[in-house]
Amino acid sequence: MTAAVRHPARLWTGAALVGTIALIVSLATGDRQGDAKDRRPPPSAGSAPRVTPPPVNGRFDYQLGGPYPPAKSVRIVARDRTVAAVPGKYNICYLNALQSQPDGEDESRTDPGYGTTQWWQNNHPELLVRDREGRSVKDTDWDEGVFDISTAAKRRRLLAIEKKWVDGCRKSGFQAIEPDNLDSYSRSRGAFGVAADKAFMKRFVAYAHSRGLAVAQKNSQTEFGTTGRREIGFDFAIAEECAVYDECEGYADAYGAHVIEIEYSDQDRSAFTESCAERGDTVSVIRRDRDVVPRGDAGYHDEQCPRD
């Protein structure tokens with residue numbers, strides 16, 4: 001499902017020295033934001049904003065197919081970045097970090113820099129993976145073009161575009177980012193490997209953190225294992241069908257209770273009921289329709305684990 005930082009060399013100017021002194025004072029007073037973030041230099045002078053992951057085991061509403069008013073009991077809402085956040089909730093901003101939007105999608109819903117494969121073809125053709133005939137390589141399951149991040153220069157160009165998306169999420173009131181298709185290398189037909197995905201996401205996460213936004217590891221347990229948090233800097237996980245694919249334990253090993261699990265209604269319900277029984281009281285677990293359509297639409301399904 002898809003709706004997704006390089007620091008230039010700096011001279012030791014007076015501003016940079018002030019920033020360095022501020023950082024030392026901050027560390028001395030214990031104003032830390034986690035070991036991973038402490039090891040990263042700040043993206044600009046002064047202390048980075050505090051990053052807060054979603055509330056553990058909070059009731060979750062997955063609204064990627066379109067927005068609607070969440071129930072009062074919902075604490076966490078995920079929406080596409082082109083729509084507004086929900087006041088009073090913890091909001092996760094979905095974006096397609098490593099693939100385009102599907103051709104044929106309503107372009108009025110996609111602002112500049114977030115278009116279909118054709119939009120990218122017209123505006124940034126160099127950032128699409130191509131086959132031997134020069135055609136854009138697609139994720140055939142979702143009809144999405146795969147972004148070409150095979151070189152450091154291309155990763156820089158793509159990130160420059162996506163920084164504006166991240167800033168838009170922050171301005172709209174979101175507290176976190178859900179970047180999709182972290183395993184795009186597997187659909188690139190050999191144009192790049194998983195190392196390129198990791199290199200891009202490490203810089204993406206660093207920039208989001210500099211803007212005060214948490215970042216989810218969306219799926220890709222096989223690729224990231226327990227290194228997503230330690231090496232890339234992800235703050236929590238959004239895991240689709242981890243019960244179906246027997247991956248939930250891996251996410252728990254990496255993120256503890258900071259996991260949001262989504263099972264789907266077109267799969268046997270036993271995966272969902274087992275998840276609720278095993279971890280429904282420690283992590284967020286829901287069961288949604290595959291197209292995550294808005295409430296009131298045909299096919300809508302939203303099931304939560306029972307709560308005492």
Side-chain angles (χ1 to χ4, degrees), residues 4-5 22-23 25-27 29-44 46-64 67 70-81 83-95 97 162-163 165-180 182 201-219 224 226 228-239 251-262 279 281-286:
V5 192
L23 175 61
V25 172
S26 173
L27 293 177
T29 56
D31 184 16
R32 292 173 172 264
Q33 298 184 32
D35 291 341
K37 287 183 279 294
D38 289 341
R39 289 195 295 271
R40 285 194 299 270
S44 58
S47 298
R50 185 171 298 279
V51 172
T52 304
V56 168
N57 195 224
R59 183 171 178 179
F60 177 59
D61 196 346
Y62 209 34
Q63 298 191 6
L64 301 193
K72 290 183 179 180
S73 59
V74 166
R75 299 180 66 192
I76 310 165
V77 177
R79 287 181 166 180
D80 190 88
R81 77 172 192 86
V83 299
V86 184
K89 308 293 184 184
Y90 185 99
N91 291 269
I92 301 173
C93 187
Y94 172 93
L95 57 83
E162 296 195 11
K163 283 181 178 180
W165 305 357
V166 172
D167 290 344
C169 290
R170 180 175 179 270
K171 185 177 181 180
S172 295
F174 290 90
Q175 290 81 40
I177 305 286
E178 177 190 353
D180 208 354
L182 307 185
M201 290 313 304
K202 187 171 184 178
R203 297 301 185 180
F204 180 100
V205 170
Y207 183 75
H209 283 169
S210 78
R211 309 303 291 159
L213 298 172
V215 184
Q217 176 184 321
K218 172 72 174 289
N219 300 326
F224 290 95
T226 59
R229 189 172 204 170
R230 184 175 67 251
E231 296 181 6
I232 309 301
F234 293 120
D235 304 285
F236 64 105
I238 295 179
Y251 290 109
D253 289 343
Y255 296 99
H258 290 284
V259 176
I260 295 173
E261 178 183 344
I262 305 159
R279 53 192 165 271
D281 59 347
T282 57
V283 305
S284 302
V285 181
I286 65 168

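Evaluation of the ring pair (Phe, Tyr, Trp, His ring centres under 6.0 Å) rule for F224 yields F234 as partners, not counting sequence neighbours. Listed by chain and residue number, N91, F174 satisfy the side-chain contact (heavy atoms from CB on, under 4.5 Å) test with A85 (two or more places apart in sequence, or in another chain). When the salt bridge (charged side-chain N to carboxylate O under 4.0 Å, His left out) test is applied to R211, the partners found at least two apart in sequence or on another chain are D167. Qualifying salt bridge (charged side-chain N to carboxylate O under 4.0 Å, His left out) partners for D253, counting only residues two or more places apart in sequence or in other chains: none. Residues meeting the salt bridge (charged side-chain N to carboxylate O under 4.0 Å, His left out) test with R279, sequence neighbours left out: E261. Residues that satisfy the ring pair (Phe, Tyr, Trp, His ring centres under 6.0 Å) test with F60, not counting sequence neighbours, are Y62.
Contact between G233 and V205 at its shortest, heavy atoms only, is O-CG1, 3.6 Å. Heavy-atom minimum distance, Y255 versus G228: OH-C, 3.5 Å. In terms of heavy-atom proximity, A216 sits nearest to P179 at O-CD, 3.4 Å. The nearest pair of heavy atoms linking R230 to T226 is NH1-O, 3.5 Å. Pairing each heavy atom of A214 with each of P53, the nearest pair is CB-CA, 4.2 Å. Minimum heavy-atom separation, A257 to V56: CB-CG1, 3.5 Å.
The closest side-chain heavy-atom distance from V215 to E178 is not below 4.5 Å. The side-chain heavy atoms of I238 and N219, taken from C-beta on, include no pair separated by under 4.5 Å. A heavy-atom distance below 4.5 Å is found between the side chains of I76 and I92. Between V166 and L213, the closest side-chain pair of non-hydrogen atoms falls below 4.5 Å.
One N or O on the side chain of Y90 and one on the backbone of T52 form a donor-acceptor pair closer than 3.5 Å. Looking at K89, its side chain does come within 3.5 Å of a backbone N or O of V74 through a donor-acceptor pair. The main-chain N or O of R59 is never found under 3.5 Å from a side-chain atom of S284 such that the two would form a donor-acceptor pair. No side-chain donor-acceptor contact under 3.5 Å links D80 to the backbone of L64. No donor-acceptor pair under 3.5 Å is formed between the side chain of R79 and the backbone N or O of Y94.
One distance of note links CG of L182 with CD of Q217; it measures 7.0 Å at 0.5 Å rounding. Note that the SG atom of C93 and the CZ atom of R170 stand 13.0 Å from one another [nearest 0.5 Å]. Separation of atoms CZ (R81) and CD (E162) is listed at 9.0 Å; rounding is to 0.5 Å.
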